[in-house]
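Note that the coordinates shown come from a computational prediction; the quantities given were computed from them, not determined experimentally.
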Amino acid sequence: MMRISILLILMISLNSCTNKPEEQLEHINGYWGIEKVEFTKDSIRDFKINEIVDYIEIVDSVGFRIKVKPQFDGTYKPAGEPEKILVKIEDKKVVLHYSTSFNNWKEFIVASKKEELSLKNERGIIYHYKRYKPLKLDLDEKENE
């Protein structure tokens, strides 16, 4: 009986850790700031400030990603050309196929949550993003009475 209980708990745990492809795409749209880049387990570069963020939009497995520069008024200015994205499922993994007029490449979704996104490129480098929250400042001057 104890073995069955352990096996059942293990199966439930493994099942809850695996995301279905459509679940991995559920939270991908929006603005993402790079948090860190993991070159290897021992070589990680942290990013404290994001002057440029990625905007991703995917609808029905087709979309784009563009680098944008946040402005103090809450708007964004393009900081690059859009990269076309085609989403495919390969070996039960969600793969983002990018294309520009100059290059083609792909990234695998490692993790995708409401506030976190991790993408792994073909060289094994993992990019960890956090949902970008814009800084809004009230730039209107108030009159002195």
Side-chain angles (χ1 to χ4, degrees), residues 2-141:
M2 182 68 148
R3 287 184 187 183
I4 293 173
S5 297
I6 292 172
L7 182 60
L8 185 60
I9 291 170
L10 182 62
M11 288 176 60
I12 291 170
S13 297
L14 289 175
N15 191 32
S16 66
C17 292
T18 58
N19 283 350
K20 295 178 183 174
E22 54 275 5
E23 291 174 353
Q24 289 187 322
L25 291 172
E26 185 177 334
H27 301 294
I28 198 167
N29 288 343
Y31 295 94
W32 295 96
I34 192 81
E35 185 174 26
K36 64 183 174 180
V37 177
E38 187 176 338
F39 299 97
T40 65
K41 290 286 183 193
D42 298 328
S43 178
I44 297 173
R45 179 175 178 208
D46 292 317
F47 290 81
K48 301 294 182 205
I49 298 174
N50 295 126
E51 293 182 21
I52 304 289
V53 298
D54 288 357
Y55 175 74
I56 299 173
E57 185 175 307
I58 298 173
V59 177
D60 295 331
S61 300
V62 177
F64 67 94
R65 174 173 71 178
I66 186 168
K67 306 270 186 213
V68 295
K69 187 171 187 170
Q71 304 299 298
F72 288 114
D73 64 357
T75 62
Y76 301 88
K77 287 189 178 177
E81 296 298 317
E83 303 162 347
K84 294 178 186 175
I85 299 175
L86 179 60
V87 179
K88 295 183 180 180
I89 307 300
E90 298 175 6
D91 297 325
K92 298 182 182 179
K93 295 180 184 176
V94 179
V95 183
L96 306 177
H97 289 262
Y98 298 93
S99 65
T100 66
S101 54
F102 303 107
N103 200 1
N104 296 310
W105 69 99
K106 60 185 177 179
E107 293 179 324
F108 306 86
I109 296 179
V110 175
S112 176
K113 299 178 184 173
K114 187 175 181 180
E115 299 295 324
E116 299 172 15
L117 175 66
S118 295
L119 302 174
K120 183 176 185 177
N121 70 14
E122 295 170 286
R123 296 182 300 173
I125 299 171
I126 302 174
Y127 297 86
H128 298 275
Y129 297 87
K130 61 183 173 186
R131 179 80 57 190
Y132 181 76
K133 296 190 182 0
L135 174 65
K136 290 189 179 181
L137 299 176
D138 186 6
L139 299 176
D140 293 333
E141 291 186 33

TODO: Give the minimum heavy-atom separation between Gly33 and Val53, together with the two atoms involved.
DONE: CA-CG1, 4.1 Å
- [ ] For Gln71 and Lys69, indicate whether the former's side chain and the latter's backbone hold a donor-acceptor pair under 3.5 Å.
- [x] yes
Task: Backbone of Ile58 reached by a side-chain donor or acceptor of Asn29 within 3.5 Å - done: yes
Side-chain contact, heavy-atom cut-off 4.5 Å: [X] with [Y]?
| X | Y | result |
| --- | --- | --- |
| Val68 | Ile52 | no |
| Thr100 | Tyr98 | no |
| Val94 | Ile89 | yes |
| Val87 | Ile28 | no |
| Phe47 | Lys130 | no |
| Lys106 | Glu122 | yes |
| Arg131 | His27 | yes |
| Leu96 | Ile56 | no |

Rounded to the nearest 0.5 Å, how far apart are [atom1] of [X] and [atom2] of [Y]?
| X | Y | atom1 | atom2 | result |
| --- | --- | --- | --- | --- |
| Asp46 | Lys48 | CG | NZ | 4.5 Å |
| Lys120 | His128 | NZ | NE2 | 10.0 Å |
| Leu119 | Arg65 | CG | CZ | 7.0 Å |
| Asn121 | Tyr127 | CG | OH | 5.0 Å |
| Glu38 | Ser118 | CD | OG | 8.5 Å |
| Ile125 | Glu107 | CD1 | CD | 10.0 Å |

Task: Neighbour count above 12 (heavy atom, 6.0 Å) for Glu90 CD - done: yes
- [ ] Decide if atom NZ of Lys67 counts as having more than 12 heavy atoms of other residues, nucleotides or ligands within a radius under 6.0 Å.
- [x] yes
Open item on the list: For Tyr129 and Trp32, take the angle between the two ring planes, folded into 0 to 90°, and tell me which bin it lands in: parallel under 30, tilted 30 to 60, perpendicular over 60.
Closed with: perpendicular
TODO: Could you check whether the rings of Tyr31 and Tyr76 sit parallel, tilted or perpendicular, using 30° and 60° as the cut-offs?
DONE: parallel
- [ ] Compute whether any side-chain donor of one residue and acceptor of the other, for Thr75 and Asp73, lie under 3.5 angstrom apart.
- [x] yes
TODO: Would you please test His97 and Ile85 for side-chain contact (heavy atoms from CB on, under 4.5 Å) and show each step?
DONE: CA-CA 5 Å; His97 289 262; Ile85 299 175; over 6 Å; no
Task: salt bridge (charged side-chain N to carboxylate O under 4.0 Å, His left out) partners of Glu115, counting only residues at least two apart - done: Lys133
TODO: Return the set of residues passing side-chain contact (heavy atoms from CB on, under 4.5 Å) with Val62 (not counting sequence neighbours), or none when no residue passes.
DONE: Leu86
TODO: Check the pair Phe108, Gln24 against side-chain contact (heavy atoms from CB on, under 4.5 Å), reporting the backbone distance first and the verdict last.
DONE: CA-CA 11 Å; Phe108 306 86; Gln24 289 187 322; over 6 Å; no
